[in-house]
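Here is the structure we will look at, set down as structure tokens.
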Amino acid sequence: MELREIEEIVKSKLSEKRYKHSLAVMQRCVELAKIYDVDEPKAAMVGLAHDVAKEMDKETCTQILKENNVELDKIELENFALWHAKVGAIICKNVFGFSQDMVQAVENHTLGKRKMDLLSKILFVADATGLDRNWDDLEYARKLSEVSLDDTIIYIIDINIKDNIAKKRQIHPESIMLRNELLSEKNLL
Ligand SMILES: [Fe+2]
Ligand SMILES: [Fe+2]
């Protein structure tokens, strides 16, 4: 599908605020794709589409997951906010016709995943550092992202973990394993 068509569908599925977030993430993805020499049209599309399922109700999500034989793990099942990554990935594959690496990027955008490729890393970082975000160290994280994606991912995961602790929410082990992997690679350098 062309970017314009995807834009129309994303717009129709999201509130004004989240649509603006999607545009901000798209813009950030393109900036990062330039720096890290990643395919810009692909980066733009995953940025635009990543939250397409964010405002879908639980029933619709359950049906889409079931129809596509996609299973959620226990922590995902218990935290509805996580579902949109896998449901969004299915929509990106079936409706938008995304390639496998783009589908993976959408699937990985909330928790991250070990051995993520550059496109996935860019979306993960762009999601947290778009200009629509409003957190204290945004400027720092944006600057860091232009120097090291991996350091920025660690930084974002640290913030997410602290936030989950403060809110007494579960912490998904995949994020922790990704953090460990990145720290371990850093130590090898
Ligand atoms: Fe999301
Ligand atoms: Fe997002």
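Numbering of ligands and ligand atoms starts at 1, following listing order. Heavy-atom basis, side chains included; hydrogens, waters and symmetry copies ignored.
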[X] and [Y]: side-chain donor and acceptor closer than 3.5 Å?
{"X": "E59", "Y": "Q63", "answer": "no"}
{"X": "H172", "Y": "N79", "answer": "no"}
{"X": "N187", "Y": "S184", "answer": "no"}

message = With a 6.0 Å cut-off (strictly less than), is the heavy-atom count around NZ of K54, excluding the residue itself, greater than 12?
response =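 Correct, the count exceeds 12.
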inquiry  = Is it the case that atom CD in E185 sees more than 12 heavy atoms from other parts of the structure closer than 6.0 Å?
reply    =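 It does: E185 CD has more than 12 such atoms within range.
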query = What residues, two or more places apart in sequence or in another chain, satisfy side-chain contact (heavy atoms from CB on, under 4.5 Å) together with I171?
reply =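 Per chain and number, I171 pairs via side-chain contact (heavy atoms from CB on, under 4.5 Å) with I161, N164, I165, I176.
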task = Less than 2.8 Å from the Fe ion (ligand 2) is the window; count the protein N, O or S atoms in it.
result =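 Atoms of protein N, O or S type lying less than 2.8 Å from the Fe ion (ligand 2) total 4.
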